[in-house]
Amino acid sequence: MIMDLSIIVVNYNTKKITADCLDTIRQSTDKLNKEVIVVDNASTDGSVAYLNQKFPRYKIISSAKNLGFAGGNNLGVKQATGNYVWLLNSDTLLEKNTISTLMKAVKTNNSLIASCRILNSNGSIQPQGGYLPDLWRLKAWMLFIDDLPLIKNLMRPYHQNLTSWFKQDQRPGWLSGTALLIKRDFYNQMKGLDQNIFMYGEDVEFCLRAAQKGIKIDYFAKPQLIHLGQASGSSSGAILGEYQGLKYIYQKHKSAWQFCCLRLLLKFGALLRVIILRRGLYAEAFRLA
């Protein structure tokens, strides 16, 4: 039976957080034919037995090793039968109408790639995504130019941090993998997420490949969900992972001189952050760049 939607949730040692997410999916008021596929990335906290017991109707796939975010989702999509696949972080909480509202918008707009409004646990908007990472945008990010009061309202930045931007439908260059909805046939045509990126940056790389094919990406402001944030990862991991992800993206998609420029920008930006923010983490980012 062909489903309307396959929801893919990757779990790694977060069984209780994942269970909370799955509970909100179970409480959804949508009328869609859907399936939920949980991919466990070789957890050591008893996740598989725990989730199987609590959610016997959901498909729990146990990986023999940690495949990362990209690999875990690719494994889940191989088992999916839905017309759409929704890559949903384990630390998200849906409203009862999130799925129905998002799917209605996607079908109305014939979207191939889409996401929705993401909120912090206090109800404030959590920025996600932005525009594709060319050298000018990365320079503006590394030098804090896109944080300047007047300029940030005029730019199309790599990281979109204006909360007002997220209050209406948009066409960004990329959206976060937190809650990324993709037509399954297109996902397979693109051969899924690039598993050379273990975590952080695979969403940007996927959207970049889609843009090369002329595919537009839809952000819908009405459907929304809560993202606890860093509950399934760490802020330090996100920062270092993003540096590594950008290096890989530029090695794969850009020329040698652009890759060299990227590395200089990342190193200079990391050095600035060590000096201004006084965060030793950026010394490690400097080394990685």
Can you give each donor-acceptor pair under 3.5 Å made by side-chain atoms of residues 100-107, sequence neighbours left out, with the distance rounded to 0.1 Å?
unit_1: S100; atom_1: OG; unit_2: N97; atom_2: O; d: 3.1
unit_1: T101; atom_1: OG1; unit_2: N97; atom_2: O; d: 2.7

Spell out, as yes or no, whether a donor-acceptor pair under 3.5 Å connects the side chain of S63 to the backbone of K65.
yes

Are F259 and L265 linked, directly or through intermediate hydrophobic residues, by side-chain heavy-atom contacts shorter than 4.5 Å (ILVMFWY only)?
yes

Flag side-chain contact, heavy atom, 4.5 Å: W141 against P157
no

So, for Y200 and E242, which heavy atoms are closest and what is the spacing to 0.1 Å?
CB-N, 3.9 Å

Measure the spacing between CG of N109 and NZ of K216 and express it to the nearest 0.5 Å.
14.0 Å

For the pair K15 (side chain) and D45 (backbone), establish whether a donor and an acceptor sit closer than 3.5 Å, ignoring hydrogens and angles.
yes

Does the side chain of S47 come within less than 4.5 Å of T18's, by heavy atoms?
no

Just checking L150: does its CG atom have more than 12 heavy atoms from other residues, nucleotides or ligands closer to it than 6.0 angstrom?
no

Rounded at 0.5 Å granularity, tell me how far CG in L181 sits from OG in S6.
10.5 Å

Closer than 3.5 angstrom, by distance alone: can the side chain of N41 be matched with the main-chain N or O of L67 as a donor-acceptor pair?
yes

Derivation of the side-chain contact (heavy atoms from CB on, under 4.5 Å) call for F286 and V274
CA-CA 9 Å; F286 179 88; V274 170; 5.8 Å; no

For L119, all residues meeting side chain to side chain contact (heavy atoms under 4.5 Å, CB included), sequence neighbours excluded:
R117, I125, Q224, I226

Side chain to side chain donor-acceptor pair (under 3.5 Å) against Q126, all qualifying residues, sequence neighbours excluded
N120, H227

Would you say K34 has more than 12 foreign heavy atoms packed within less than 6.0 Å of its NZ?
yes

For the pair S115 (side chain) and A179 (backbone), establish whether a donor and an acceptor sit closer than 3.5 Å, ignoring hydrogens and angles.
yes

Between Y187 and L180, is a side-chain contact (heavy atoms from CB on, under 4.5 Å) present by the stated rule, with each step listed?
CA-CA 11 Å; Y187 191 96; L180 199 59; over 6 Å; no

Inter- and intrachain pairs under side-chain hydrogen bond (donor to acceptor under 3.5 Å, both in side chains), touching residues 276-289, at least two apart:
E284-R287

Using 0.5 Å steps for rounding, measure from the CG atom of N11 to the CD1 atom of I17.
9.0 Å

Mind checking the OG-CD1 spacing from S28 to I7? Nearest 0.5 Å is all I need.
7.5 Å

Can you confirm whether R184 sits close enough to N188 that some side-chain heavy atom of one is under 4.5 Å from a side-chain heavy atom of the other?
yes

Working to the nearest 0.5 angstrom, can you tell me the gap between K252 NZ and I197 CD1?
7.5 Å

Test item: Q79 and I61 side chains (from C-beta on) under 4.5 Å apart, heavy atoms:
yes

Please say yes or no: joined through hydrophobic side-chain contacts below 4.5 Å, possibly via intermediate residues, are L75 and F198 part of one cluster?
yes

Side chain to side chain, I25 and L94, heavy atoms closer than 4.5 Å
yes

Least distance between heavy atoms, F220 atom then A114 atom
CE1-CB, 3.7 Å

Mind checking whether L240 and L266 sit in one hydrophobic cluster, side chains of I, L, V, M, F, W, Y counted as touching below 4.5 Å?
yes

Checking R273 against F144: charged group under 6.0 Å from the ring centre and within 45 degrees of the axis?
yes

Applying side-chain contact (heavy atoms from CB on, under 4.5 Å), run through L225 and C116 and close with a yes or a no.
CA-CA 8 Å; L225 55 81; C116 60; 3.8 Å; yes

Whether the side chain of K152 engages the backbone of D146 through a donor-acceptor N/O pair (distance < 3.5 Å, no angle test) should be reported.
no

Just wondering, more than 12 heavy atoms not from K78 lying within 6.0 Å of its NZ?
no

Listed by chain and number, what are the salt bridge (charged side-chain N to carboxylate O under 4.0 Å, His left out) partners of R156, not counting sequence neighbours?
none

Quick check: closest heavy atoms across L132 and A211, and the distance to 0.1 Å?
CD1-CB, 3.6 Å

Are D91 and T14 close enough that some pair of their side-chain heavy atoms sits under 4.5 Å apart?
no

Would you say W136 ends up clustered with L154 if hydrophobic residues are merged whenever their side chains have heavy atoms under 4.5 Å apart, either directly or through other cluster members?
no

Over all atoms of both residues, closest heavy-atom pair of G269 and M142:
CA-SD, 3.5 Å

Beyond-backbone contact of V39 with N73, side-chain heavy atoms, under 4.5 angstrom
no

Donor-acceptor check, side chain of Q170 to backbone of W165, threshold 3.5 angstrom: yes or no?
yes

CD1 (I182) and CG (L87) are apart, to the nearest 0.5 Å, by 4.5 Å

According to a 4.5 Å side-chain heavy-atom criterion applied to Ile, Leu, Val, Met, Phe, Trp and Tyr, with indirect links allowed, do V10 and L22 form part of one hydrophobic cluster?
no

With no hydrogens and no angle check, is any side-chain donor or acceptor of Q128 less than 3.5 Å from a backbone partner on S176?
yes

When you compare the side chain of N83 with that of M3, does any pair of heavy atoms fall below 4.5 Å?
no

For residues N89 and G177, report the shortest heavy-atom separation together with the two atoms involved.
OD1-O, 3.6 Å

With a 6.0 Å cut-off on ring centres, are W174 and Y158 close enough?
yes

Are the side chain of E35 and the backbone N or O of T81 linked by a donor-acceptor pair below 3.5 Å?
yes

Can H253 and E205 be counted as having a side-chain donor-acceptor contact under 3.5 angstrom?
yes

Answer yes or no: are there more than 12 heavy-atom neighbours, outside Q251 itself, under 6.0 Å from its atom CD?
yes

Nearest heavy-atom neighbours spanning I145 and I151
O-CG2, 3.8 Å

Pairs satisfying ring-ring contact (aromatic ring centres under 6.0 Å, His included), at least one member in residues 49-79, at least two apart
F55-Y58

Between D194 and R209, is there a salt bridge with N-O shorter than 4.0 Å?
no

